[in-house]
Each structure stands twice: as structure tokens, then as C-alpha cells.
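In what follows, a structure is listed as C-alpha cells, so that the remarks can point back to it.
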Amino acid sequence: MIYLPDLMLTVFYAAFGILLMILANIVIDFFIPGFAEEIRRGNRAVAWLSAGSFIGIGEILRAVILSPAYDAPVQDFVQGVLASAVYAAIGILFFVIGFFVINAWHRKYALAEEIIRGNTAAGILVFGIFVGLSLVISGAVH
């Protein structure tokens, strides 16, 4: 039998997660601008970076949604939503910070310029950085 409150929470957290993913990618686009134009031009390096950011943010949001706040009783619904939003913001913040720290450490590659030039290897490297960061951060926020 379908339990209506669980179904409603599932629908809510799915929509909430999608909204947070969109907001997170707006934040990433703010810090790493110009990628929408590059995608339209067929820049595969940027596509790899974008795919990595979506997977990474999705993994962080998955961990936030699965955190103990999600299992709170229905009367604590608002607190659960607020806790999810706070942990998602922290996760996204560290995702962006982590990228800049690793990018500074890899400064010999000039990743941003390589990606804009269409260097697919640089895009795949950043994809891996994003996925790795998300795994670490999702473990921390869960």
C-alpha cells in the first residue's frame, strides 16, 4: 500500500533537489562564466566539465536528502527542509572552493583556458575533479 505522506515527501524532495541542482549550477556558472556559449559551439571540454558539475552536485544533494533530517517525523518537515537547504549550501560552497583549490594546485595546466580552447583532456580532468569532490563532500554532509 502506498503511504501518502511518504509519497508527498518523495515528490517534494525530488522537486527540491532539482531546484537546488539548478541553483547550484547557476552559482557554478557565475564563478566559471562563458560555458553556455561554448556548449552551443560544441566545445566537448566544457561539456565534460558541465557533466561533472551536474553529477557532482547531484551526488551532494543525494547525500543531503538521505541525511537523517530526511527521516525526521512529519511535524519536523520545515526543520528538515531548512537543514537540507543549509547542508546543500555548505556542500555546494565546498564544491566550488574545492574546485578553486585544486585548480590552483594544478596551475601548471591552466585548466580554465585549456577548457575554453576545447582541450577535451582538461575537461575530463575537471570532470574527475568534480566527481571526486562530490564523493568527499557528500560523505561529509551525510
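In what follows, every heavy atom counts, from backbone to side chain, and hydrogens, waters and symmetry copies are set aside. All values derive from a computational prediction rather than experimental measurement. The first residue of the sequence shown is numbered 1, and numbering continues consecutively from there.
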Worksheet item: Can you name the closest pair of heavy atoms from A122 and E114 and give their distance?
Response: CB-CB, 3.7 Å
Worksheet, complete the sentence: Sorted by chain and number, sequence neighbours left out, salt bridge (Lys or Arg N to Asp or Glu O under 4.0 Å) with R41 holds for E38
Practice prompt. Indicate if F100 and L49 have the same hydrophobic cluster label, given that clusters are the connected sets of ILVMFWY residues with side-chain heavy-atom separations under 4.5 angstrom.
Written response: yes
Response to the item:
CH2 (W48) and CG (N119) are apart, to the nearest 0.5 Å, by 13.0 Å
Discussion item. Check for me, please, whether L23 and I97 land in the same ILVMFWY cluster - side-chain distances under 4.5 Å, paths through other members count.
Written reply: no
Worksheet, complete the sentence: Nearest heavy-atom approach of V141 to A63 is CG2-CB, 3.9 Å
Worksheet item: Are V96 and F127 joined in one hydrophobic group, where the rule is that I, L, V, M, F, W and Y side chains link up if heavy atoms are under 4.5 Å apart?
Response: no
Practice prompt. Starting at CD1 of I124, measure out to CD1 of I115 and round the result to the nearest 0.5 Å.
Written response: 10.5 Å
Fill in: Nearest heavy-atom neighbours spanning I39 and S50
CD1-OG, 4.2 Å
Worksheet item: When rounded to the nearest 0.5 angstrom, what is the spacing between OG1 in T120 and CG in L125?
Response: 12.5 Å
Worksheet, complete the sentence: Between the OH atom in Y3 and the OG1 atom in T10, the distance rounded to the nearest 0.5 Å is 12.0 Å
Worksheet item: What about the rings of F130 and F95, do their centers lie closer together than 6.0 Å?
Response: yes
Item to complete: Grab the two heavy atoms, one from G118 and one from A45, that are nearest each other, plus how far apart they are.
Response: C-CB, 3.8 Å
Practice prompt. Locate the shortest heavy-atom distance separating F99 from L133; write the atom from each residue and the value.
Written response: N-CD1, 3.5 Å
Item to complete: Would you indicate whether F94, at its atom CZ, is surrounded by more than 12 heavy atoms from other residues, nucleotides or ligands within a distance under 6.0 Å?
Response: no
Discussion item. Testing the basics here: between N43 and I116, what is the closest heavy-atom pair and its distance to 0.1 Å?
Written reply: ND2-O, 3.1 Å
Worksheet entry | F16 and I65, any side-chain heavy atoms less than 4.5 Å apart | no
Worksheet item: Is atom OH of Y87 surrounded by more than 12 heavy atoms (other residues, nucleotides or ligands) closer than 6.0 Å?
Response: no
Fill in: Cluster overlap L61 with F12, hydrophobic side-chain contacts below 4.5 Å
yes
Discussion item. What I'd like to find out is whether the side chain of V64 reaches to under 4.5 Å of the side chain of L20, using heavy atoms alone.
Written reply: no
Discussion item. Measuring from atom CD1 of I55 to atom CG of L135, what distance do you get when rounded to the nearest 0.5 angstrom?
Written reply: 10.5 Å
Worksheet item: Are F54 and V136 connected in a single hydrophobic cluster, I mean Ile/Leu/Val/Met/Phe/Trp/Tyr linked by side-chain heavy atoms less than 4.5 Å apart?
Response: no
Worksheet item: What distance separates I129 CD1 from S134 OG, expressed to the nearest 0.5 Å?
Response: 12.0 Å
